[in-house]
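Computed over heavy atoms, backbone and side chain alike; hydrogens, waters and symmetry mates excluded. What you see is a predicted model, and the numbers here were worked out from it, not measured in a lab. Along the sequence shown, the residues carry numbers beginning at 1.
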Amino acid sequence: MSNLTRTDELFFARAGLDLKRTERVVADALKGCDDGELFLEYCQSESIAFDDGRVKSASFDTTQGFGLRAVKDDAAGYAHASELSEAALKRAAQSVTAVRSGHSGTPAEGPVGTNRSLYGDLNPLSGAEFAAKVKLLAEIDAYARAKDGRVKQVMASISGEWQAVQIIRADGLRVADIRPLVRLNVAIVVGEGDRMETGSAGAGGRTSYDLYLDPKRWQAQADEALRQALVNLGSVPAPAGEMTVVLGPGWPGVMLHEAIGHGLEGDFNRKKTSAFAGLLGQRVGSPGVTVVDDGTLKDRRGSLTVDDEGTPSNCTVLIEDGILKGFMQDRMNARLMGMRPTGNGRRQNFAHHPMPRMTNTYMLAGKHDPKEILSTVKRGLYAVNFGGGQVDITSGKYVFSASEAYLIEDGKVGPAVKGATLIGNGPDALTRISMVGNDLKLDDGIGTCGKDGQGVPVGVGQPTIKIDAMTVGGTAA
């Protein structure tokens with residue numbers, strides 16, 4: 001069964017919309033516009049949280065609705081409703097047509113078609129029973145406490161989502177996608193004397209719950225959370241100053257996502273508010289630095305069959321061997337910049353308009369062994385996990401806190417440090433990368449990206465990389 005057939009059942013057989021009349025309303029509303037679409041969505045989601053030996057919260061939610069968008073030049077009219085009816089759709093059409101104001105545009109060419117379907121019949125919410133999920137969380141709690149007597153608190157949660165979307169354009173083109181999503185989180189607090197520290201780990205993706213009901217999977221997350229907590233329990237205050245920084249593989253790619261990725265989204269470059277604006281074809285990073293955004297990776301948290309405008313997802317080369325090659329584009333910004341859409345038009349849900357967003361953004365592997373990279377550092381910081389951070393897109397300046405980091409002394413990894421903050425400029429840091437490891441790793445599937453008040457699931461990744469000089473804020477006296 002195709003994604004279109006599945007979503008037709010939801011939106012036209014069950015909800016009561018008539019397909020032909022819906023297409024007519026969309027065509028009339030978007031007549032004379034440059035672009036636009038009707039976005040239909042049905043979503044079921046659930047979440048269970050376990051804390052200190054008992055279920056703390058449990059929720060289940062079903063939402064449905066539509067968003068209708070009309071685009072003229074760089075202006076967009078947008079209306080949405082949670083009521084799937086022809087009357088609601090006609091009211092929305094009256095609102096968005098105001099953006100035309102007598103404009104008679106030439107409709108942009110529609111997205112290319114695709115026969116690819118990443119997920120098809122997969123629906124995690126129709127699988128494991130509630131009792132099995134609660135049992136899983138209870139087992140995580142018991143397992144972590146039995147591993148180490150210093151464990152004071154265990155928090156675990158599991159969540160799932162099944163989203164079905166259909167996009168209808170004025171020319172009658174219809175595309176659909178089915179998007180399952182699950183996530184497991186574990187946080188552990190350990191204590192010794194007067195000192196308490198926390199460690200956390202998580203995993204997820206566009207898979208079923210069965211993957212995480214497997215003891216090997218959830219025990220790995222509990223072990224990792226406990227390991228981090230115990231490392232932090234023995235950490236010393238971080239030093240401060242400019243030094244060499246080595247970033248570990250996998251989740252540290254979140255720094256690449258924030259400090260570099262957002263600056264390569266089409267809207268910021270069209271408006272020339274990105275530090276990368278006007279640099280297409282120029283060197284922006286060291287040789288050996290290649291960055292891509294790939295929404296086609298199966299099972300990954302940021303992957304999609306098509307984006308929220310109906311464009312098939314792609315693997316887009318952003319930086320190749322240090323040269324800026326392209327941007328992540330939705331349809332509107334691509335049209336206004338004379339470029340092609342890249343399948344990066346994303347929205348949080350039907351109540352939000354689409355804009356250029358990342359999917360799975362990562363740096364490709366280089367040629368150096370990670371041990372070789374560490375051996376070249378006389379004194380520096382080895383950051384392997386990150387907490388929060390802030391980035392200014394226009395200047396590229398960032399501040400990131402390292403949740404797990406170590407001193408590097410004479411080429412060897414030394415003691416763990418607490419309170420390390422990395423301060424710098426994204427474009428500048430790209431030019432200071434002197435070694436790229438051969439150990440590319442993608443994150444475990446926990447990323448959520450925020451932009452303009454919208455959150456979407458994303459993936460990050462990178463190999464071990466060496467940055468020759470970066471300012472480190474520390475807590476050492």
Side-chain angles (χ1 to χ4, degrees), residues 197-200 228 231-232 235-264 274-276 284-286 289 291 319 358 361-363 366 370 373-374 376-409 411 413-437 439 441 443 446-447 449-450 458 460-477:
E197 294 291 348
T198 302
S200 62
Q228 285 186 31
V231 164
N232 288 330
S235 62
V236 299
E242 187 173 273
M243 63 185 74
T244 300
V245 173
V246 176
L247 302 181
W251 179 245
V254 68
M255 186 169 155
L256 175 76
H257 167 103
E258 295 288 357
I260 307 299
H262 279 298
L264 298 177
S274 166
F276 294 100
V284 296
S286 301
V289 172
V291 179
I319 299 171
M358 285 173 271
T361 310
Y362 54 96
M363 183 184 297
I373 294 175
L374 290 166
T376 65
V377 181
K378 179 70 175 176
R379 180 178 180 273
L381 188 77
Y382 180 37
V384 298
N385 264 305
F386 282 93
Q390 294 181 338
V391 178
D392 182 281
I393 301 300
T394 302
S395 66
K397 293 180 180 179
Y398 60 78
V399 178
F400 278 90
S401 60
S403 58
E404 182 184 355
Y406 303 83
L407 287 176
I408 307 173
E409 299 170 318
V413 177
V417 296
K418 181 178 176 63
T421 302
L422 303 186
I423 305 165
N425 176 285
D428 179 60
L430 275 181
T431 66
R432 299 190 182 197
I433 296 174
S434 59
M435 300 179 80
V436 180
D439 57 340
K441 179 183 176 184
D443 76 293
I446 60 172
C449 173
V458 296
V460 301
Q462 67 175 43
T464 298
I465 60 173
K466 176 185 175 184
I467 303 175
D468 283 338
M470 184 182 295
T471 299
V472 176
T475 54

Atom [atom1] of [X] and atom [atom2] of [Y]: how far apart are they, to the nearest 0.5 Å?
X	Y	atom1	atom2	result
I467	I433	CD1	CD1	5.5 Å
M470	R432	CE	CZ	8.5 Å
I423	K397	CD1	NZ	11.5 Å
Q228	N385	CD	CG	4.5 Å

If every non-hydrogen atom of [X] is compared with every non-hydrogen atom of [Y], which pair is closest and at what distance?
X	Y	value
C449	H257	SG-NE2, 3.4 Å
L247	P252	CB-CB, 4.4 Å
V231	A416	CG1-CB, 3.6 Å
A420	L381	CB-CD2, 4.0 Å

Are [X] and [Y] linked by a side-chain donor-acceptor pair shorter than 3.5 Å?
X	Y	value
S395	D392	yes
D468	T244	no
K466	T376	yes

- Could you walk me through whether V284 and I319 pass the side chain to side chain contact (heavy atoms under 4.5 Å, CB included) test, one step at a time? CA-CA 8 Å; V284 296; I319 299 171; 4.0 Å; yes
- Item | side chain to side chain contact (heavy atoms under 4.5 Å, CB included) assessment of L407 paired with Y382 | CA-CA 6 Å; L407 287 176; Y382 180 37; over 6 Å; no
- Message: Can you tell whether the side chains of K378 and E409 come within less than 4.0 Å, N to carboxylate O?
- Response: no
Test item: [X] side-chain N/O and [Y] main-chain N/O as donor-acceptor pair under 3.5 Å:
X	Y	answer
T361	M358	no
S235	V417	no
S286	T431	yes
D439	T464	yes

- Item | Test side-chain contact (heavy atoms from CB on, under 4.5 Å) applied to V377 and V245, I408, V413, the passing residue | I408
- Task: Can you label the angle between the F400 ring and the F386 ring as parallel, tilted or perpendicular, going by 30° and 60°?
- Result: perpendicular
- Report the C-alpha distance between Y398 and Q390 in whole Å, list the side-chain angles of each, state the deciding distance to 0.1 Å, and finish with yes or no for side chain to side chain contact (heavy atoms under 4.5 Å, CB included). CA-CA 6 Å; Y398 60 78; Q390 294 181 338; over 6 Å; no
